[in-house]
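What follows is a single structure, written as structure tokens, with notes after it.
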There are 2 protein chains.
Amino acid sequence: MLPAQPNQSLIDGLTVIQALAMRDAPVGCRELARETGIELTKVNRLLKTLAHIGLARQNPGRKYITGPGIHVLASQALHGSGLLKTAFDPLEKLSQLNLIVALGVLWRDQVSYLYFRTPGTSAAQAIGSLGLFPASQSSIGMVTLAGMEMEEVKSLYAGKVIPGYENSQALFFKEVQKTREQGYGLVYRDDTKETSMAVAVGMPLVGAIALSGRMKNNEQNTYLKILKNIAKEITERLEKNL
Amino acid sequence: MLPAQPNQSLIDGLTVIQALAMRDAPVGCRELARETGIELTKVNRLLKTLAHIGLARQNPGRKYITGPGIHVLASQALHGSGLLKTAFDPLEKLSQLNLIVALGVLWRDQVSYLYFRTPGTSAAQAIGSLGLFPASQSSIGMVTLAGMEMEEVKSLYAGKVIPGYENSQALFFKEVQKTREQGYGLVYRDDTKETSMAVAVGMPLVGAIALSGRMKNNEQNTYLKILKNIAKEITERLEKNL
DNA sequence: TGTAATGTTGCTATATTAGCAACAAATGCT
DNA sequence: AGCATTTGTTGCTAATATAGCAACATTACA
């Protein structure tokens with residue numbers, strides 16, 4: 001439902017901190033303006049406002065980075081979300097498979113990872129460790145897109161080049177459709193020979209969990225079953241929270 | 001530095017989601033307006049805007065709760081913050097003391113907990129599990145307030161009743177000053193006979209870690225030393241991230 | 001040294017917000 | 001049940017804040 005007096009400044013301002021928070025290095029306001037599609041002057045002033053309340057900061061070269069307030073926002077959002085808390089222990093079980101274990105959500109046309117655990121690392125290192133990844137090249141991204149209306153997906157990519165499908169948007173939409181029908185996301189990367197599979201989490205969908213790594217064809221079904229079970233467990237635990 | 005065109009809508013809008021995210025039950029817009037001190041109509045319209053972008057939602061009784069977008073915001077803020085990831089393993093070490101272990105940050109005059117672990121529970125359950133607690137009654141709150149300018153602290157509590165110091169603001173400010181001088185926060189709760197101690201984390205300060213529970217006087221120094229060591233470790237690890 | 005990029009702001013027409021007052025719906029109380 | 005509050009919500013218009021071009025100083029790069 002669209003409000004009586006919608007507030008575009010709030011929407012744009014949120015987009016700006018979110019874009020800023022995902023960066024691992026200082027960013028300029030012009031670059032953020034290009035990335036977000038928001039007019040430059042506006043971005044600059046929103047950043048200055050964010051800096052004023054401590055959510056952003058400027059380094060000596062006047063580039064922007066997140067400020068101390070981001071810890072507070074993280075704390076609050078984490079509490080309001082509860083997704084990481086709920087999924088943490090179930091995901092722990094997956095880590096013994098010696099594959100990458102991930103929990104991600106969709107932001108614009110990219111996947112943001114709440115949890116990304118590489119084999120051999122501690123669970124702590126998995127928390128918010130990975131930044132953004134193009135949704136079209138991610139199994140989590142595909143299964144999350146598959147949970148949206150096709151029109152939404154199309155408007156999300158309107159006028160954009162789709163990573164991994166540079167020559168054919170149609171092929172990409174077909175792939176999304178296929179993902180929807182089979183109920184899980186599957187991406188194979190040729191260069192690393194790695195397979196990623198993802199299953200949606202939440203009812204309605206709030207994100208997805210994934211397993212990724214080199215796996216043989218006959219192992220895939222086993223992994224998929226395990227993944228689906230964990231996804232179901234997380235979804236059920238989410239219901240209980242509310 | 002205050003910007004050329006500061007954006008109050010963004011500031012207020014952020015305040016509203018933050019307040020909303022900390023609630024464990026649905027809240028009305030009028031209640032949020034009272035809590036935040038923002039004019040009612042504005043809060044209502046900001047909430048509707050937040051609902052429009054998925055950060056908020058209305059339940060059947062038209063009360064507001066966080067929406068699915070909060071998971072995305074949590075993911076992004078968590079990545080931008082890095083505090084939980086950095087502190088997680090060091091905090092794990094503290095859990096074997098059989099005391100409550102907490103990591104909190106200051107929001108307005110309250111403490112928001114990134115991590116709050118009760119003895120006997122899993123680390124996962126500690127993630128963003130506890131909502132808000134009055135800073136004046138929290139060791140984390142006291143040590144964080146002690147890291148601020150006294151003027152800031154006073155303006156934070158201007159015209160308010162200070163929880164735990166209902167009869168004397170002066171006594172509270174004295175306590176803050178004492179906390180600053182001794183370099184750690186100490187709070188004793190008479191009803192439960194529990195002691196809480198907290199040490200600041202980050203340089204400059206971004207939050208604090210705490211130990212809490214029943215402890216004998218002669219144990220306090222030992223615990224304090226351990227706590228200081230862990231705080232130092234976390235602070236150093238934070239430096240390395242940037 | 002020149003060229004192109006960057007962060008930043010002054011300016012004013014324009015669009016947006018502020019916030020009172022009013023409304024209907026829900027809730028609490030008797 | 002009925003009355004009195006309290007709630008979420010919006011219409012309205014004066015007052016305000018924003019949009020965004022163009023320009024500036026500064027920095028990176030050739």
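The sequence lines fix the lettering, A, B, ..., with proteins before strands; numbering per chain opens at 1. Note that the structure is a prediction, hence the values are computed from the model and not measured.
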State whether [X] places a side-chain N or O below 4.0 Å from either non-bridging phosphate oxygen (OP1 or OP2) of [N].
X       : N      : value
B:Gln5  : C:dC11 : no
A:Asn44 : C:dG7  : no
B:Gln58 : D:dT9  : yes
B:Lys63 : D:dT7  : no
A:Tyr64 : C:dT6  : no
B:Asn7  : D:dT18 : yes
A:Arg34 : C:dT6  : yes
B:Lys42 : C:dG19 : no

Mind calculating the distance between [atom1] ([X]) and [atom2] ([N]) to the nearest angstrom?
X       : N      : atom1 : atom2 : value
B:Leu46 : D:dT9  : CG    : P     : 13 Å
B:Gln8  : C:dA18 : CD    : C1'   : 12 Å
A:Lys48 : D:dT18 : NZ    : C1'   : 17 Å
B:Glu39 : D:dT10 : CD    : P     : 14 Å
B:Ile38 : C:dG19 : CD1   : P     : 11 Å
B:Glu31 : C:dT27 : CD    : P     : 15 Å
B:Ile11 : D:dA17 : CD1   : P     : 12 Å
B:Leu10 : C:dT16 : CG    : P     : 17 Å

So which heavy atom on A:Phe172 is nearest to which on A:Ser136, and how close?
CE1-CB, 3.5 Å
Between B:Leu106 and A:Val72 the two heavy atoms that sit nearest each other are O-CG2, 3.5 Å
Can you say whether a donor on the side chain of A:Arg45 sits under 3.5 Å from an acceptor on the base of C:dG7, or the other way round?
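Answer no: no donor N or O sits under 3.5 Å from an acceptor.
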Closest to the side chain of A:Thr41, out of C:dG10, C:dG7, D:dT9, is C:dG10
Keeping A:Ser168 on the side-chain end and A:Leu171 on the backbone end, is there a donor-acceptor pair under 3.5 Å?
yes
Please list all pairs meeting side chain to side chain donor-acceptor pair (under 3.5 Å) that have one or both residues in residues 73-88 of chain B, counting only residues at least two apart or in different chains.
A:Gln18-B:Gln76, A:Asp24-B:His79, A:His71-B:Ser81, A:Ser112-B:Ser75, B:Thr86-B:Asn241
Parallel, tilted or perpendicular: which describes the rings of B:Phe88 and A:Phe88, with under 30° parallel and over 60° perpendicular?
tilted
Please examine the side chains of A:Val199 and A:Val143, heavy atoms only from C-beta on, and report whether any two atoms are closer than 4.5 Å.
no
May I ask you to test the A:Glu31-A:Arg34 pair for a side-chain heavy-atom distance under 4.5 Å?
yes
Under a 4.0 Å threshold between the charged nitrogen and the carboxylate oxygen, would B:Glu35 count as salt-bridged to B:Arg23?
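Judged by the 4.0 Å cut-off on N to carboxylate O distance, B:Arg23 and B:Glu35 do form a salt bridge.
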Each nucleotide of nucleotides 23-30 of chain D classed B (base within 4.0 Å of a protein heavy atom), S (only sugar-phosphate) or -, in 5' to 3' order, makes --------
